[in-house]
Each structure stands twice: as C-alpha cells, then as structure tokens.
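As structure tokens, the structure follows; a few thoughts come after it.
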Amino acid sequence: MFKIARRVNSSLYQVQQAAFSAAKPGQKFLIFFGAPGVGKGTYARLFSEEFKLNQISTGDELRKIIKGTAPSTMSKELIADIKKTVSSGGLVSDDIVIEIVKEKLKEPESQNGVILDGFPRTLAQLSKYDKLFPIHLVLNLNLKWEILLEKLMARRTCADCGRAYNFCNINRDGYLMEPLYPKKTDCTKCNGEPKLVIRDDDTEKVITERMKEYEAKTVPLLNEYKKKGVLVDFEIKKGVKDYPALRDLVKSKLSL
Ligand code: AMP
C-alpha cells in the first residue's frame, strides 16, 4: 500500500517537474490583465522594451493571421472563421490561442521572460497554460466602464505595425488622460506617419460583446490568481503617464 502511495506521489512529483520544465531558469512570466481598452498593450510594450521581455499579445497575433502577415499553416476556412469570431467580439478557440502562445515562447526574445497581454482569457486557457509554464505576477489594471468605452471609441491603430494611439482627452472625476498621438520616433517603418484605422471590433456594438465575454469568461480568472498569491491591482488614472508608478510597482514585486 505504502509502496503504491510512494510510487503515485513520486510520479505526481515528476508530472509537476515536467510541468515547469518548459520554463528556463531566471525566465519571468508576467500577465497584464484587464478589460479591453484599459491599456494592457501600451503598458506591456513599454515594460517589455525597458526590461527586455517578449510581449505576447494573442490579439495582435490573431490580427496578423487574419491579415496574412504571420506564417500560418491554417486553412483558409479556419482563418475566415477566426476573422468572423474576432470581428463579432467572441473568443477564438482555446487550442488556437494556446498554440500561438507556445510558438511565441520559443522565440529568442522570450529568453528573459514574457508579458502575456490578453491571454489567458478563459479558465480552460489558464489550466492548459498552467501545466507548462509558471506565473510570477498578474497585474490587474482597473478602469471604469464609461472611460473604457470612450477610450476604445477614440482608439486608432496603425494598419501596418499595429501600434495603438488614442485621440480622446479625458479630464474629469479624477481622471487626467492626455491623447496619445503618433511620434516620428515610434516606429522606424511608419516614421511618424502611421496608416491609422479603426479596428473592426472597436465599434460600440462589438465593444459591448467583448465586455460581456470579459465579464463572463475572463474575470473569473482573478480568483485563481488570488489563490496563487500572484495578483497585484493597479487603478488607472493618468493613462500612459501611469507607467512610471506601474513599472515601480511591478519591479518591487519581482525584484527586477
Ligand atoms: P485584443 O487585441 O486582446 O483586444 O483581442 C482582440 C480579439 O482577439 C478578442 O476580442 C478575441 O476575439 C481575440 N482574442 C485575443 N486573445 C484571445 C484569447 N486569449 N482567447 C480567445 N480569443 C482571443
């Protein structure tokens, strides 16, 4: 009996070891969490540039697949299906996004660590991810729904490089968010003149759908992060100008 228990325990231990073997020593795994439009992508970009971490945005990767600018072995039908899901505000299948994340984690840019932006979005994604990689910190970014909607409606995205800009100026109820306009130094390809477009899913109807998906399928992940003791909350008030405080908070938690 004891022998069997020991064997079971030791194989469990091996499974746990194998589970974390995909992470390299010293590699950091961060998740930037929050509703659509909160600024996850912008903060993740700034943080990844400063700390040399790979920003993995499943949304950006899906948009590249839809546009045909990412190498993909997917059939035309599957790509058309992804396009339909994304433009209606639904969630793409867990298996597809898990595969995207696994591929991005193999990139040399991931060697110091990664910031996951927009992933995981469901409990099933988290549980699949959990079997392969650790989570060192989840930064939960909070912002009121009315402000999120206003920001999303005023968001413009570069059709070439995917960088997001914001044209609204919010100064009320303790919020002071200046617009984020393109600069020459932003991108060597666009040279200060990005081809700005409104994302297909940045319409009021689709934003409402995305918010519903977020509340129903993504918010429940917060409980799991709380149980793991990796959750850190941050209240957004100044948009991109919140970055220094946010960076210091993450740095202190991870001793970067
Ligand atoms: P985002 O750029 O993060 O706002 O994502 C845009 C859209 O891509 C979402 O509304 C979903 O349709 C899809 N998407 C992005 N990430 C995921 C994910 N982790 N799981 C499922 N669908 C996703």
Side-chain angles (χ1 to χ4, degrees), residues 29-45 47-48 54-70 72 74 78-105 114-133 135 138-141 143 145 148-159 161-166 197-222 224-225 236:
F29 292 80
L30 283 70
I31 294 176
F32 281 15
F33 189 97
V38 77
K40 295 185 293 293
T42 301
Y43 298 123
R45 177 176 49 76
F47 204 88
S48 68
N54 199 9
Q55 177 184 1
I56 301 180
S57 158
T58 41
D60 282 351
E61 295 310 313
L62 289 166
R63 280 184 289 278
K64 284 185 210 160
I65 291 171
I66 293 168
K67 258 176 69 183
T69 54
S72 151
M74 290 177 193
L78 183 55
I79 295 175
D81 207 43
I82 293 174
K83 186 175 179 185
K84 207 167 134 200
T85 306
V86 172
S87 50
S88 66
L91 291 184
V92 172
S93 100
D94 294 331
D95 289 336
I96 292 177
V97 285
I98 291 278
E99 280 314 306
I100 291 175
V101 171
K102 280 200 209 155
E103 284 306 308
K104 295 289 291 177
L105 282 162
V114 296
I115 302 178
L116 297 165
D117 155 13
F119 174 91
R121 256 175 157 101
T122 63
L123 288 166
Q125 287 177 20
L126 173 61
S127 110
K128 286 182 184 184
Y129 170 89
D130 241 359
K131 293 192 177 78
L132 297 168
F133 301 101
I135 298 172
V138 178
L139 179 68
N140 178 28
L141 303 164
L143 188 57
W145 153 248
L148 286 171
L149 180 64
E150 195 172 334
K151 276 186 73 209
L152 282 169
M153 298 294 288
R155 176 160 75 180
R156 298 294 178 270
T157 308
C158 175
C161 70
R163 192 165 171 136
Y165 295 96
N166 210 290
V197 294
I198 299 178
R199 257 170 58 172
D200 284 352
D201 56 346
D202 279 346
T203 62
E204 193 162 351
K205 185 166 169 265
V206 182
I207 292 167
T208 308
E209 256 338 284
R210 288 157 66 200
M211 290 299 179
K212 275 193 207 154
E213 290 285 61
Y214 174 72
E215 289 294 333
K217 298 182 183 157
T218 310
V219 169
L221 273 72
L222 286 173
E224 301 305 310
Y225 298 141
I236 302 295

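Given the structure is predicted, the values throughout are model-derived calculations rather than measurements. Whatever order the structure lists ligands and atoms in, that order sets their numbers, starting from 1.
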> What class does the angle between the rings of F33 and Y225 fall in, given that below 30° is parallel, 30 to 60° is tilted and above 60° is perpendicular?
Replying inline: perpendicular

> Nearest protein heavy atom to atom 16 (N) of ligand 1, by residue and atom, and its distance?
Replying inline: T58 OG1, 2.8 Å

>> With the threshold set at under 4.0 angstrom, would you say K40 reaches ligand 1 through any of its heavy atoms?
In response: no

>> Please compare K83, R63, R210 and report which has the shortest non-hydrogen distance to atom 6 (C) of ligand 1.
In response: R63

>> Other residues, nucleotides and ligands only: do more than 12 of their heavy atoms fall within 6.0 Å of NZ on K67?
In response: yes

> Is ligand 1 under 4.0 Å from a heavy atom in the side chain of V97, in the backbone, in both, or in neither?
Replying inline: side chain

> What part of L62, side chain from CB on, backbone N/CA/C/O, both or neither, has a heavy atom under 4.0 Å from ligand 1?
Replying inline: side chain

>> Please work out, at 4.0 Å between heavy atoms, whether the side chain, the backbone, both, or neither of R199 comes within that distance of ligand 1.
In response: side chain

>> The test is side chain to side chain donor-acceptor pair (under 3.5 Å); show your working for S48 and N54 and say whether it passes.
In response: CA-CA 6 Å; S48 68; N54 199 9; over 6 Å; no

> So, for K104 and E61, which heavy atoms are closest and what is the spacing to 0.1 Å?
Replying inline: NZ-OE2, 3.4 Å

>> Heavy-atom distances under 4.0 Å decide this one: backbone, side chain, both or neither, for E213 against ligand 1?
In response: neither

>> Quick check: closest heavy atoms across L143 and I236, and the distance to 0.1 Å?
In response: CD1-O, 3.6 Å

> Using 4.0 Å as the upper bound for N to carboxylate O, is an ion pair formed by D117 and R45?
Replying inline: no

> Short list, please: which atoms of ligand 1 are under 4.0 Å from a heavy atom of G118?
Replying inline: 16 (N), 17 (C), 18 (C), 19 (N)

> What residue and atom, counting heavy atoms only, is the protein's closest point to atom 5 (O) of ligand 1, and at what distance?
Replying inline: R121 NH2, 3.4 Å

> Atoms of ligand 1 less than 4.0 Å from G90 heavy atoms?
Replying inline: 10 (O), 11 (C), 12 (O)

>> I need the nearest protein heavy-atom contact for atom 22 (N) of ligand 1: residue, atom name and distance, please.
In response: V92 N, 3.1 Å

> With no hydrogens and no angle check, is any side-chain donor or acceptor of R210 less than 3.5 Å from a backbone partner on D201?
Replying inline: yes

> Side chain, backbone, both or neither: which part of Q125 comes within less than 4.0 Å of ligand 1 when only heavy atoms are counted?
Replying inline: side chain

>> Main chain of F32, side chain of K40: is a donor-acceptor contact present, judged purely on distance under 3.5 Å?
In response: no

>> What protein heavy atom lies closest to atom 7 (C) of ligand 1? Include the residue and the distance to one decimal.
In response: V86 CG1, 3.9 Å

>> Main chain of K151, side chain of N166: is a donor-acceptor contact present, judged purely on distance under 3.5 Å?
In response: yes

